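Remember, it's a predicted structure, so these values are computed and weren't measured experimentally.
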Amino acid sequence: MQYNFNEIEAKWQKYWAENQTFKAENNSDKEKFYVLDMFPYPSGAGLHVGHPLGYIASDIYARYKRHKGFNVMHPQGYDSFGLPAEQYAIQTGQHPAITTAENITTYRRQLDQIGFSFDWSREVRTSDPKYYKWTQWIFIQIFNSWYNKDTDKAEDISSLVAVFEKEGNASINAVCDEDIAIFSSEEWKSFDSKKQQEILLQYRLTYLAETEVNWCPALGTVLANDEIVNGVSERGGHPVVRKKMTQWSMRISAYAQRLLDGLEKIDWPQPLKDSQTNWIGRSQGASATFKVNDHNAVIEVFTTRPDTIFGVSFMTLAPEHELVLQITTPEQKAEVEAYIEATAKRSERDRMADVKTISGAFTGAYAEHPFSKEPIPIWIGDYVLAGYGTGAVMSVPCGDQRDYDFAKHFNIPIPNIFEGVDISEEAFADKSKTVIANSDFLNGLPYKKAMKLAIYELEKLGQGEGKINYRLRDAVFSRQRYWGEPFPVYYVDGMPQMIAAEHLPIALPEVEKYLPTETGEPPLGNAEVWAWCTKENKVVHNSEINNATVWPLELNTMPGWAGSSQYFNRYMDPTNNNEIFSKEAMNYWQDVDLYIGGSEHATGHLLYSRFWQKFMFDRGFVPKDEFAKKLINQGMITGTSAFVYRVEFSIESAFNPEHDSDMNDDDIRLFSEFEKNLTSKIGSLFVPKSYVDKEYGDLEKILNNSLFNNQIAKEWSDYVLNKFEISEDQVYLKFQHLNPIHADVSLVSVTDQLDIEAFKNWREEYKNAVFILEDGNVYDSKSFPEDKWRGSFIVGREVEKMSKSKYNVVNPDEICAEYGADSLRLYEMFLGPLEQSKPWNTAGITGTHSFLKKLWRLYFDDNGAKFTDTEPTKDNLKTLHKTIKKVEEDIANFSFNTSVSTFMICVNELSTQKCTSKSVLEALAILVSPYAPHIAEELWSQLGNTASISTAPFPTFDASHLVESSKEYPISFNGKMRFKLELPLDMSKDQIEEVVMAHEKTQQQLQGRTPKKVIIVPGKIVNIVG
RNA sequence: GCUCGAGUGGUGGAAUUGGUAGACACGUUGGACUUAAAAUCCAAUGGACAUUAGUCCGUAUGGGUUCAAGUCCCAUCUCGAGUACCA
């Protein structure tokens, strides 16, 4: 009986689908286990072999947990809103919903063929109105909430209104906009509704604010930082300007500290936690205010080093700082304005990339030092960023390198306030070695004490306080796109109103064009039916807007992360139309036990999701304030690109017709045209990898020899030679350089041979290309009609990111067809540690494929089944239990690559032992089944079982089968292993020493010397020193 | 620059607390079977010398600790990832 993997895999995939084998129930006596993958964006290119890596790992874990008796939920869905479908719509007019649906069909087919144990009954799609209804619902909940710092959680906005009504806002301790005026309860009651709404908006967890965007006038659209290269748009190279727009923002900054604290209780990779920590960027220090001389203004700064306040010799404001124009003196005005203009021209990226150039301008104004009352010059400089802290710094050149460089550049004094430190070359920033000097009341104090005292004195003056600053900024939540969730928002007199939850979803309107409108409004501005009727509670035609009962709807849509920030909770109860999820479902599933996905989402999805989860927790919707207990980052599978080397050359001749002949002008012109024509007629000339290392001269010689053996070149050169009566050696190929060109990896054999015919047919421009083979001969299709690989042409290889543009994408469909899904699953795991990035090499898959064939032959030969009811031998049991132990340890450590090796060893051993014992083979099938589920199901059913193998309990490890009575000791001399000696394990140290010392090989090694020392570690090693 | 991670055969990688370096595969070479190929099986495969035995070198480099170091410590180099003037 043959291992017919195609048939077996199709059969079991059908069985699982029909029997809903992996459907998880929302209540069960079993313990729950929730295994989650990051759901994919269904791109038009489909899956490549790098994509399923994480899914295979999570699938192994999910299947293992089922064998261990857990009720496992392993859902999958699609993050189906996004830019590519929208851009395709702009180009072709095809509705993004259609593109998305087609792509999902491809994805589903590709996922199904790999044999995942997904519970497809729980599938979600973020672009499905039934799903985004709940994204809109969450937005409304966030809008109706404010953050109470006293209780340190989000509360319903009604609790805030209650306080306003009772006592005004003076005692409110909220995360809110800055500079909210204080009002009393009487004043609050006297405000009209619009004024009250304006005030509340300043407290809500999502609010409207003016934020800067990258606006590209030519494209009429907003661009992400990634879409801008060197200050112009990536598409088309149009100029980009900074523009203020009113947009929704989320007050994620309210959660900065809790997002930081929460990291301690979740089992996520340390590098990922580090990047979230850096992103949140907590720094402890003080805020201080400096009075500006001759102006009724103060500059507020944040500093982490209040202890160095006496070292301040100037202040620096960001060029965009609001005070700059106000305080600049008439004499400095021209210089300052020129500098501001120059800065505005540089994009934020440019400004940040260029660390070396020091630039700035003096405003002419002075501030007053809070303690010494000395005047301090105020400068502007673009190393200070408007978006961080207060956009102003107190510059302490002796203690900060950037301040130091700035001071040196502009000849500003650098007072030294550190005891025993030389600052003539660079600033001194080592807090732990700091002792303050020349600083009045701080003299002689170390960093910590000086910092405390400085803050205390600042507070006494009323010019500062201790402060914690976070880098994390509020998240902009509006996008000027079509293919995203519409907001459930309409505007009354410019004030945003939420549509009541019972009227959701507010579905995306149809538009004619997916581009922004001519007036620069978002694409939804093109919609004709996009107004809200408060009487009928439905979306109506824009013409009905009367600003009484019918109002305009919000034109922005939500960002990509909206739909992905709660999808893991929706999976618990995905078809519930009345609630985002039922209390029962949430109470049963609680949170994600294992989440697997890429680390590129560290500061995006994984931070926003934690934020929303904490919000949902505060408002009592979810029982856990962290959504995923454990997270694993799978590494990237890189591609192995193939290169052919194009010879850049020209045909030249040593023959100069003007001097060497009596040609007329016409012939001379004709001749030079022949030279050119010959070059282009030969067209592309390719050489294999081995030519890269050849000497310049050798290479040119080979090329010339080959070239004139080539038919095309010969015909042409003969023609030229005859026509002008010049000798052959006077026309030659001049070599310039080799240019590596990507060749599609599907045109290359596993032994790196190029299929030249296929390559020529791959692209029109290579149709007539000439190939010089390893042996220096020119490839001729007629000489190799039988064997396409015989013309030896070896390509170069290089590891790069797997991408379409590099022609190194390997499609899982072909792998599944040729080797089967089980081979693919095993191979992806076998490649290396899950979290590591590693190169794909299709050639290696024969290893796991032949392992599966060997496994199959343990159960079947040509005559059919081999298994019998015979008792297992001692060796059989030893092999089996060794394998159980190792595989369980490996799964616990997510070390799937080593468990594949373990299976190989196990099968090799059982084959050698000629094991036919059914009990052993049954256990083996279960062990393998999480990794290679199709073959395992087939073996299981052939062994006579009727239920799916996924219901079988995992074999239990029995240590008694591994008990050894003896050990082959390595005998080392001075740490070097010289020979091995089999000794009983119950031998005492003394007995071992006696036997080892008496051994003839020991004496031979010692050559009469007496050892200084004999180290014996029972069960491990013997080392003889001396 | 900073933070984190990593450097092991021709290649991917293994080596759980310091205890036989190179498991398991790929590739390569030789052999068996075959008209031939594929498939399968067997053998060899870190390097050098010696080809019986064996010796020396070897986990990026240089030092150190130890009976014993891929593993621990110090310094240096290289690569990768993240971050970006964070006051």
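Using a 4.0 Å heavy-atom distance criterion, A/Lys1020 is classed as a base contact. Within 4.0 Å of A/Lys273, counting heavy atoms only, lies no atom of the nucleic acid at all. If you check every strand for non-hydrogen atoms under 4.0 Å, A/Val1025 touches sugar and phosphate atoms only. In this structure, A/Thr846 reaches the sugar-phosphate backbone alone: every heavy-atom distance under 4.0 Å involves primed, P, OP1 or OP2 atoms, never a base. Within the 4.0 angstrom heavy-atom criterion, only backbone atoms of the sugar-phosphate kind lie near A/Asn897; the bases stay farther away. Among the protein residues, A/Lys980 comes within range of the nucleic acid bases, having at least one heavy atom under 4.0 Å from a base atom.
Using Watson-Crick or G-U wobble geometry with both donor-acceptor distances under 3.5 Å, B/G13 finds no partner in any strand shown. With a 3.5 Å ceiling on both atom-pair distances, B/A23 lacks any Watson-Crick or G-U wobble partner. Of all nucleotides present, none satisfies the Watson-Crick or G-U wobble test against B/C86 with each distance under 3.5 Å. Nucleotide B/G5 forms a pair with B/C79, judged by Watson-Crick or G-U wobble geometry with both contacts under 3.5 Å. Under the Watson-Crick or G-U wobble criterion, with both distances below 3.5 Å, B/G46 is paired with B/C57. With a 3.5 Å ceiling on both atom-pair distances, B/U66 lacks any Watson-Crick or G-U wobble partner. In a base pair of the Watson-Crick type (N1 to N3 plus N6-O4 or O6-N4) or a G-U wobble (N1-O2 and O6-N3), with each distance short of 3.5 Å, B/A37 is matched with no nucleotide.
Using a 4.0 Å cut-off, no side-chain N or O of A/Arg857 falls inside it from OP1 or OP2 of B/A39. The side chain of A/Ser283 places an N or O atom within less than 4.0 Å of a non-bridging phosphate oxygen (OP1 or OP2) of B/A87. Look at A/Arg402 and you'll find a side-chain N or O under 4.0 angstrom from OP1 or OP2 of B/C86. Look at A/Asn908 and you'll find a side-chain N or O under 4.0 angstrom from OP1 or OP2 of B/A25. Listed pair A/Lys1012 / B/C67 fails the phosphate criterion, with no side-chain N or O lying under 4.0 Å from OP1 or OP2.
Atom P of nucleotide B/G27 and atom CZ of A/Phe830 are separated by 12 Å, given to the nearest angstrom. Computed from coordinates, the A/Asn1023 CG to B/U20 P distance equals 11 Å when rounded to whole Å. In this structure, CD of A/Gln276 is placed 15 Å from P of B/G82, rounded to the nearest angstrom. The interatomic distance linking A/Leu826 (CG) with B/C26 (P) rounds to 13 Å, in whole Å. In this structure, A/Tyr383 places its OH atom 20 Å from P of B/A84, rounding to the nearest Å. Between A/Met829 atom CE and B/G12 atom C1' the separation is 14 Å, expressed in whole Å. One atom, CD1 of A/Ile637, and another, C1' of B/G13, lie 14 Å apart when rounded to the nearest Å. As a whole-Å value, the separation of A/Arg282 CZ from B/U3 P is 20 Å.
Counting only heavy atoms from C-beta outward, the side chains of A/Lys1013 and A/Ile1015 approach each other to under 4.5 Å.
Aromatic pair A/His369/A/Phe310: ring centres closer than 6.0 Å. Between A/Tyr931 and A/Phe903, the distance from one ring center to the other falls under 6.0 angstrom. Proximity of the aromatic rings of A/Phe406 and A/Tyr404 is defined here by a centroid distance below 6.0 angstrom, and this criterion is not met.
Separation of the C1' atoms belonging to B/A39 and B/A32 is 14 Å when rounded to the nearest angstrom. Comparing B/G7 with B/G13, their C1' atoms are spaced 14 Å from each other, to the whole Å. Separation of the P atoms belonging to B/A38 and B/G31 is 14 Å when rounded to the nearest angstrom. Taking atom P on both B/C26 and B/C41, the two are 10 Å apart, rounded to the nearest angstrom. Nucleotides B/A87 and B/A75 place their P atoms 26 Å apart, quoted to the nearest Å. Atom C1' of B/G70 sits at a distance of 27 Å from the matching atom of B/G82, rounded to the whole Å. Here, B/G27 and B/U11 have their C1' atoms 7 Å apart, quoted to the whole Å. Rounded to whole Å, the C1' atom of B/G63 lies 24 Å from the corresponding atom of B/G5.
When each of A/Met904 and A/Asn278 is assigned the nucleotide of RNA chain B bearing its nearest heavy atom, the one mapping closer to the 5' terminus is A/Asn278. The residue among A/Val900 and A/Ile1015 whose nearest nucleotide of RNA chain B is located toward the 5' end is A/Val900.
Side-chain atoms of A/Gln463 come within 3.5 Å of backbone N or O of A/Thr289 as a donor-acceptor pair. Side-chain atoms of A/Asp890 come within 3.5 Å of backbone atoms of A/Ser899 as a donor-acceptor pair (strictly under, hydrogens ignored). A distance-only check finds no donor-acceptor pair linking the side chain of A/Thr603 to the backbone of A/Trp279 [under 3.5 Å]. A donor-acceptor pair under 3.5 Å links the side-chain atoms of A/Lys838 to the main chain of A/Gln836, judged by distance alone.
The side chain of A/Lys853 lies closest to B/U40 when the candidates are B/U83, B/U40, B/A87. Which of B/G13, B/U20, B/C41 sits closest to the side chain of A/Gln836 comes down to B/G13. For A/Ser901, counting side-chain heavy atoms from C-beta on, the closest listed nucleotide (B/U83, B/A25, B/C24) is B/C24. For A/Thr898, the side-chain atoms get nearest to B/A14 when compared with the rest of B/C41, B/A14, B/C4. The nucleotide whose nearest atom lies closest to any side-chain atom of A/Arg471 is, among B/A87, B/G12, B/U83, B/U83. Side-chain proximity of A/Leu385 to the nucleotides B/C86, B/U55, B/U83 is greatest for B/C86. Of the candidates B/U20, B/U16, B/C67, B/U16 carries the atom nearest the A/Glu889 side chain, counting heavy atoms from C-beta on. Closest approach to the A/Pro970 side chain among B/C26, B/A87, B/U20 is made by B/U20 (side chain taken as heavy atoms from C-beta onward). Among B/A23, B/C4, B/G19, the nucleotide with an atom closest to any side-chain atom of A/Pro271 is B/C4.
In textbook terms, a nucleotide whose glycosidic angle is within 90° of 0 is syn, while B/G5, being further out, is anti.
Between A/Phe973 and the options A/Asn1023, A/Thr1002, A/Val1025, a side chain to side chain contact (heavy atoms under 4.5 Å, CB included) holds for only A/Thr1002.
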